Protein chains: 2
Amino acid sequence: MTERQIEQVRRFNRIVTQHVGALEDSYLRRGRPLGQARLLHEIGPEGIEVRALRDRLKLDSGYVSRLLRALETQGLVEVRSGKGDGRVRKAFLTPKGRSERATYDTLSDELAASFLAPLDPAQRDRLVAAMAEVECLLRAGEVELRFEAADSAAAQSCLERYFGELAQRFELGFDPARSNSASVAEMTPPAGFFIVAWLDGEPVGCGALKLADAITGEIKRMWTSPSARGLGIARKVLRALEDKARETGLARLHLETNRTLSEAQALYRREGYAEVAAFNSEPYAHHWFEKRL
Amino acid sequence: MTERQIEQVRRFNRIVTQHVGALEDSYLRRGRPLGQARLLHEIGPEGIEVRALRDRLKLDSGYVSRLLRALETQGLVEVRSGKGDGRVRKAFLTPKGRSERATYDTLSDELAASFLAPLDPAQRDRLVAAMAEVECLLRAGEVELRFEAADSAAAQSCLERYFGELAQRFELGFDPARSNSASVAEMTPPAGFFIVAWLDGEPVGCGALKLADAITGEIKRMWTSPSARGLGIARKVLRALEDKARETGLARLHLETNRTLSEAQALYRREGYAEVAAFNSEPYAHHWFEKRL
DNA sequence: CCAATTCTCTGACTAAAGTCAGAGAATGAC
DNA sequence: GTCATTCTCTGACTTTAGTCAGAGAATTGG
């Protein structure tokens, strides 16, 4: 990365914190100490466990307790023991607290509007588009890949969602049992690998590498959660699997895909996979690809 | 502005403050109280007058004084009376303070780099471009227009810089005396108007409207500071002058321009000015424009 | 030269933010 | 059933952040 880029990022940081930060502070605290205001926002309409609150805001337990007491005496919050574990207490908004939060919401809208107000419509569109792009790329930067056991909770949750989606998208539905196998055993080292993409502590994508023979690997189970599309997760996963394949000494990778998955095909072509004749009889496949490593 | 836009701005605010804000705090304070850290950054390599410091950070005079004392006892800062006015004191960084600031600089670079690091080169370019766009548009939103007396300090500073630039750009140089007049009197209500664009308390652009006859106005002295180009300032100034012209009951606007000022011509065309035959003998003009209001 | 003003500093505050060491109840492991 | 652990809370702090009133020097306007 170049000096120019770093310079731009720094300038951006400065300007944006000035704008957002300065305004947020004066605007959104509504005369309340920052600590209390933060708590109030963090307690959603569903309530939140006190320990979760502590965790999220990274505050001392005594401090949180005191802040909650303050909000309670203002009649904004109610803390009561939830059902289940009697030690854990949960904070809820009272009606008054809810309306306070609603006011905050309105102000937050106003703050956002104040960014747009001085601009003309064309500039507004540009600003919004650029903000979406920044947001998307910052989030993309937060994605973390980790190889996981194929039978881990995260892996299984990905696979379930993946199969569910295939069932919806394929003309004929999808039944994993009819498809060529990629069993847990086949995706467990050293027979294969399963990788999970994480974002904000949630699994949002996956992919698997299955060693077919001494020189051939198969890419399987490539999936990205709809909530995390457009962040380049699939590409990252694919590249990570390719690295792993190279490391393992493989010379080529195979994969097949269904014609309804056009984004996937575009990705494979972009990443250097060439369409080849069918190398297996996967019933759900319409295209077969190969890449030499 | 639409709900979708506001939603996007809010999401952007949230994400960015999380990223920048959270990191900046823990990263850049280096164990120092925020107030001290802010002061340390604001005292540049040249030193800074204490009152300027107060102004910039909007802090109480007693508070600043105390913070400076704290930095002094840490050996980071030295406060001494400057030459000239004996009341005004100026804060300077000691060598130790300078190195402390250098460390901060490095960390700030690292922070910026941490945004870029997880991305691939194409994504980095996209992020940097989007950040530049956001920065530019946020700054554009901060521009303020004010009608000012044509002989005010701001107006004169703009005009001086404007003439200086013309002298550089025109093949034949530029001598205001040879050019068609737009004297202070002619730009003073009700004979005419002078408008100044402000950004961060600095004049960064100007424009004038001179009433030629009962139905005709002339646009003159359109200029934007090089430091503020690309923010749409000229367009804003032009539109404000047009509004003023309409208000005054004018039916058409005239303006002329030199062939070297191609951006200006593009602007005039975009804003609905049509090129017409020369309506005066301005020696520096190559193109004459008219717009019906 | 005098009076008003400007600039910085100190003393004396208050409020918020945050830390630390337990106490007391509930739970989990064995 | 006992003991260690978990979770929340209170009391007793410290440090930051920020305000206010005024003192004392230097400067400016007339």
Side-chain angles (χ1 to χ4, degrees), chain A residues 17 21-22 24-43 47-74 76-93 100, chain B residues 17 21-22 24-43 47-74 76-93 100:
Chain A
T17 43
E24 284 222 320
D25 248 37
S26 60
Y27 225 65
L28 301 179
R29 288 172 51 172
R30 316 234 311 117
R32 213 182 305 286
L34 183 58
Q36 291 180 25
R38 291 211 301 162
L39 246 67
L40 207 49
H41 305 154
E42 211 58 52
I43 304 173
I48 186 172
E49 291 185 357
V50 172
R51 61 179 171 184
L53 213 44
R54 263 202 315 265
D55 258 32
R56 289 233 200 130
L57 301 176
K58 304 213 164 67
L59 296 175
D60 176 83
S61 103
Y63 187 30
V64 167
S65 183
R66 225 177 302 281
L67 289 171
L68 284 172
R69 280 313 79 65
L71 290 171
E72 265 183 337
T73 62
Q74 290 168 62
L76 300 169
V77 159
E78 203 180 336
V79 181
R80 45 178 197 266
S81 306
K83 49 206 89 142
D85 194 330
R87 291 167 304 182
V88 181
R89 308 245 289 158
K90 213 169 158 186
F92 297 88
L93 293 174
E100 194 59 26
Chain B
T17 42
E24 284 222 320
D25 249 38
S26 60
Y27 224 67
L28 301 179
R29 288 171 53 173
R30 315 234 315 117
R32 213 182 305 287
L34 183 59
Q36 289 179 27
R38 292 211 299 161
L39 245 68
L40 206 49
H41 305 153
E42 211 59 51
I43 305 172
I48 185 173
E49 292 186 357
V50 172
R51 60 179 171 185
L53 212 43
R54 264 203 314 266
D55 258 30
R56 290 233 200 130
L57 301 176
K58 304 214 164 65
L59 296 175
D60 175 83
S61 102
Y63 186 30
V64 167
S65 182
R66 224 177 304 279
L67 289 172
L68 284 172
R69 280 313 80 63
L71 290 171
E72 265 184 339
T73 61
Q74 288 168 64
L76 299 169
V77 159
E78 203 181 335
V79 181
R80 46 179 195 265
S81 306
K83 50 207 87 144
D85 193 330
R87 293 166 305 178
V88 181
R89 306 247 288 159
K90 212 170 159 185
F92 297 88
L93 292 175
E100 193 59 26

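Sequence lines set the chain letters: A, B, ... in the order given, protein chains first and strands last, and positions in each chain run from 1. On a predicted model such as this, the values are computed, not experimentally measured, just so you know.
Remark: side-chain polar atoms of A/E72 are paired, donor with acceptor, to backbone N or O of A/V79 under 3.5 angstrom.
Across its full length, the helix from C/dC1-D/dG30 to C/dC30-D/dG1 shows an angle of 30° between the axes of its 5 terminal pairs at either end, rounded to 10 degrees.
Annotation: side chain of B/L40 is in contact with side chain of B/L93 (closest heavy-atom distance under 4.5 Å). Side-chain contact between A/R32 and A/L76: present, with at least one pair of heavy atoms (C-beta onward) separated by less than 4.5 Å. Looking at heavy atoms from C-beta onward, A/R89 lies out of side-chain contact with A/L68 at the 4.5 angstrom threshold. Looking only at side-chain heavy atoms (C-beta outward), A/L67 and A/R38 stay at 4.5 Å or farther from each other. Within the 4.5 Å cutoff, the side chain of B/L59 has heavy atoms near those of the B/L39 side chain.
Here the P atom of nucleotide D/dT6 and the CD atom of A/E49 are 16 Å apart, to the nearest Å. Rounded to whole angstrom, the span from the CZ atom of B/R38 across to the C1' atom of D/dG18 amounts to 11 Å. Rounded to whole Å, the distance from CG on B/D85 to P on D/dA25 is 16 Å. Between B/Q36 atom CD and D/dT15 atom P there is a gap of 13 Å when expressed in whole angstrom units. Atoms CZ (B/R80) and P (D/dA25) sit 22 Å apart, rounded to a whole Å.
Taking A/D55 as the reference, nothing meets the side chain to side chain contact (heavy atoms under 4.5 Å, CB included) condition, with sequence neighbours excluded.
Rounded to the nearest 0.5 angstrom, B/H41 NE2 and B/R56 CZ are separated by 14.0 Å.
Looking at A/R69 and A/T73, their side chains never bring a donor and an acceptor atom within 3.5 Å of each other.
Remark: A/R51 is in phosphate contact with D/dC7, judged by side-chain N or O atoms under 4.0 Å from OP1 or OP2.
Residues A/G84 and A/R32 both approach DNA chain C. Their nearest nucleotides, taken by heavy-atom distance, put A/R32 toward the 5′ side. Both A/G86 and A/G35 sit near DNA chain C, but only A/G35 has its closest nucleotide nearer the 5' end.
In terms of polar N and O atoms assigned as donor or acceptor, the side chain of B/R87 comes within less than 3.5 Å of the base of C/dT6 in a complementary pairing.
Taken residue by residue, residues 52-71 of chain B places heavy atoms nearer than 4.0 Å to DNA chain C at B/R54, B/S61, B/G62, B/S65, B/R66, B/R69.
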